[in-house]
Amino acid sequence: MDSTTTLIFIIAAFCLGAILIMKKDQIPAGLRRGLALVSILMLAFAFFLIVYSFLTM
């Protein structure tokens, strides 16, 4: 597995989560739920990739 693409995905997932938390008041209500769901899925997969990379070291 290419560690560069994994690292980029992990950084992007955490940045998306941080931006959604910081700007939650400025996001329209209809869009907020979908973005939160996508962010949760991306963060869960990022945590899985972190654990997987530690286990395969």
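Position 1 is the first residue of the sequence, and the numbers go up from there.
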Nearest-0.5 Å distance that lies between atom CG in Leu43 and atom CZ in Phe48: 15.0 Å
Verify same cluster id: Leu16, Ile19 (apolar side-chain graph, 4.5 Å): no
Same cluster (ILVMFWY, side-chain, under 4.5 Å), Phe9 and Leu20: yes
Stepwise ring pair (Phe, Tyr, Trp, His ring centres under 6.0 Å) test for Phe14 and Phe47: CA-CA 10 Å; Phe14 279 104; Phe47 277 119; 5.5 Å; yes
Distance in Å, Arg33 CZ paired with Leu31 CG, rounded so as to fall on 0.5 Å steps: 12.5 Å
Same cluster (ILVMFWY, side-chain, under 4.5 Å), Phe45 and Leu7: no
Heavy-atom donor-acceptor pair, Ser53 side chain to Leu49 backbone, under 3.5 Å: yes
Contact summary for Lys24 and Arg32, nearest pair of heavy atoms: O-NE, 3.3 Å
Val38 with Ile10, same ILVMFWY side-chain cluster at under 4.5 Å: yes
Co-membership, hydrophobic cluster, residues Ile50 and Met42, 4.5 Å side-chain: yes
Minimum heavy-atom distance Ala13-Ala46, with the two atoms named: CB-CB, 4.1 Å
